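For clarity, every value in this text was computed on a predicted model and none was experimentally measured. Naming convention: chains lettered A, B, ... in sequence-line order (proteins, then strands); numbering from 1 in each chain. Below, all heavy atoms of this structure are taken into account, side chains as well, without hydrogens, waters or symmetry copies.
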Amino acid sequence: MQLKNVIESPCGLRFMLDELELQSGFARRWLLDSPMMTRDEEIVASYAELRRFADFVNQVDHIYINTLFHKLCGLKDIRTTIKNLKQSSVLDDIELFEVKHLAILSVDVRQLLAQHGMDGIVDIPALDRVIDILDPDGMKIATFYIYDSYCAQLKDLRVQMRQHPDQQDDLLLQASELEEGVRRDLSRQLAPFAESIEQAQLALARTDVGLAKAVQMRTMGLTFPVISPDGTSRYEAMFHPQVKSALAARGRAFQPVDVTFGMEPTLITGANMGGKTVVLKTLTLCQLLFQFGFGIPAASAQIAVKDEIYFCIGDEQSVEKGLSSFAAEMKNIDAVIKASRKNKKLMALIDEPARTTNPTEGAALVTALLSVLAGKDVSLVMTTHYDIEPGDARCLRVKGFENGTMDYRLVEVQDGEVPHEALNIAQSLGIDSEWINLARQRLEASPALEKNKH
Amino acid sequence: MLPFIDEILRYDSLSIVGLEKNTGKTECLKYVLDHMPVQKKRIAVTSIGIDGETVDQVTRTQKPEIVLREGMYFGTSEMHYRQRRLVSELIDVSDETTSLGRVVTAKALTTGKILLSGPSSSVSLRRWMGDMRRLGIDLVIIDGALSRMSSASPAVSQSMILATGAAYSANMTTLVNKTAHVVELVNLDLTSQENVKRLLHLDKGVWFIDKQGALHDLDAVTSLSRDIHFEGMENCETLYVAGALVDGFLEKVRKNKVLKQVELVVRDFTKIFVSPQQFRLFLKAGGRVTVLQKSRLIAVTVNPTSPSGYVLDSDTLCGQLSETIGLPVYDLLKNKH
């Protein structure tokens, strides 16, 4: 699975990418094409590299970083040109220009990084020889044409062109044959460097991405995660950057949340508007950020590596697919159950399953889902409003509505009993009192409220 | 005698636009390029080669080749760069792709011919012009699109030359009147500096400023909206249309008792899409139209020959047009001989 396949996940991954200050379009494409990491070693290596970029960004003067950013802006996608070079085609002027441009850029970036002892972060191949080939006059500027110094005869022809504009067409024709000879020769000389040029292009993209991730860590206050040794993920003061930024725009603060979940299923209950869905979104976001090597939005994070990540959030996109919201949800959860039988490490975050059906069957479906997934290698976190038997599941509850404000923290409770705060919350929203009072009267006449009183 | 060359050099950008095909736009560009002091000034040339809409795509006739002089910079598509007939040094290849490939920027090392097809939109044209300024270019010359004024917008280029001719209308009076209408729009007065400051950042909607100086939003997306209501505007002093100004809106303003003598502000002349008749009626009723930004119209050139072979008398045409618009008018082909 590549980053581009999950970028539209409702967990809000796109926001993180949109906020990433990448300098070149090529780096963005490279990042979107990168595969999700599922092996401990590659994740460790990727964060070791990111840590060096973060140190670099934090220690080095911003003017210098900006110079580097400015350079990386010039990184272009020249994969087609490299492919032509590998196939021993004769490159045209534009392609030769692109090769020269990239070579000069890579040498510049190498030097800039080396000045601060950072040349080992990513391995940028030395392309000085490539520059020599394409810069016969030693001008060290990233422009190109078939220089006079490549061919004495060509030089003579060009002198004549300037002297006899009337013979231009004829002279150009003769010159173009000579130029083609030079191009053939240059392409032959450059062919052995095709691999190095390709590596340099990737190394520059990696530098661009590394720097952007490091800057994002600083601006958003993200943390380096550690790999969980025991399959349990632990977050302290976890937050959702997009929600946090939207709240900040309205002058409100995001209340960070501590969560621990692991091999036993975890059930989150809590009042409406208690942030249960945001918790699931954030957990999914953190897991994806972790396996694509980004900083994690939390004060500290210990995360278990998974093979597959499932986020089922109700009726998203069901209308476009022509499914009812219930059908779409059932199919999504079905995919989790099928995958759980394939001996893979899964993480499944399911928001209020069966919410759109009647509470009797809904509660039965949710209880059964818990038992089906229990004992499988699935880190399951599920939210619900139904009163169900939790079985072996761990139960967390949003602290809830107290003294007119919402406390979004999660507390561990012994059973999965759901809070009955919907009417109070509706009232605080200023919903029509005739409606709410009538509902309250009905509840008082029914045994359901009696149960809640004890 | 070299008409208007010195004037061009006072600005950092020039757009040459033609009111119709065969009005001599290319002749005008050639004339300008031939007379630029390339030893003293760094000149860059490009064309706004509207994606796929270039004349050659429609009529299958090639865009004419332009002769560039040694030392000139130019922007053209990859395809046309490969067909160049001059020696040139590549300076940049853009990320933006047009229907003819990416835009290539180069410097002519010998005098020779090139087909121009540059950035495909005003936005990318402006970006390219920014790149040119960073390269230390003194003047950017844009071969504008036919019957599209976008490149001549003051938001893009500081100055412009307008090419008109028998191809636009073979009837001299009609030609003079139609051209005069365009010139009148280009030369509309700037509104007050205070209004410019307050309105320039509003890039959509319809707004008005009352006599106390308070700014109000009319909650209309554009002046094309049918449900614009001018209620509670007895106090209105200035009306501002951020987007296109169209006939229906202008008529509505004119027929409104309160508003008919209002100052109507538009962003610049390229946003005005009203017929000469409606425009005239509006002014006659006492209204005024002003702009936030203005480009300098350096000259009007004419081609008295229509493609169908009909020829107007050059001197009479230049004389009549010049008298009507109050600006010098040149027949560059005739002057050449």
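Crowding of B:K197 atom NZ: a count of heavy atoms from other residues, nucleotides or ligands under 6.0 Å not exceeding 12. Dense packing is recorded around CD of A:Q167, with more than 12 heavy atoms of other residues, nucleotides or ligands lying under 6.0 Å away.
With a threshold of 4.5 angstrom between heavy atoms, B:E70 approaches chain A through side-chain atoms but not through N, CA, C or O. When heavy atoms are compared at a cutoff of 4.5 Å, A:D92 approaches chain B solely by way of its side chain, counted from C-beta outward. For A:I94, the parts lying under 4.5 angstrom from a heavy atom of chain B are both the backbone and the side chain. Only the side chain of B:V104 comes within contact range of chain A, with at least one heavy atom under 4.5 Å from a heavy atom of that chain.
Contact between B:R102 and A:E98 at its shortest, heavy atoms only, is NH1-OE2, 2.6 Å.
Note on B:K107, B:R84, B:K113: by heavy-atom pairs under 4.5 Å with chain A, the leading option is B:R84.
Under the salt bridge (Lys or Arg N to Asp or Glu O under 4.0 Å) criterion, B:E7 pairs with B:R10, B:R296, not counting sequence neighbours. Listed by chain and residue number, A:Y145, A:I146, A:D148, A:L154, A:M161, A:R162, A:E179, B:V87 satisfy the side chain to side chain contact (heavy atoms under 4.5 Å, CB included) test with A:R158 (two or more places apart in sequence, or in another chain). A:P125 is linked by a side chain to side chain contact (heavy atoms under 4.5 Å, CB included) to A:S196, A:Q199, A:A200, counting only residues two or more places apart in sequence or in another chain.
Taking the side chain as every heavy atom from C-beta outward, A:T143 and B:L90 never approach each other to under 4.5 Å.
Checked by atom type and distance alone, the side chain of A:Q168 pairs as donor or acceptor with a backbone atom of B:T111 at under 3.5 Å.
For residues 67-77 of chain A, the interface with chain B (any heavy-atom pair closer than 4.5 Å) comprises A:K76, sorted by residue number.
Interatomic distance, B:D92 CG to A:F97 CZ, rounded to the nearest 0.5 Å: 5.5 Å.
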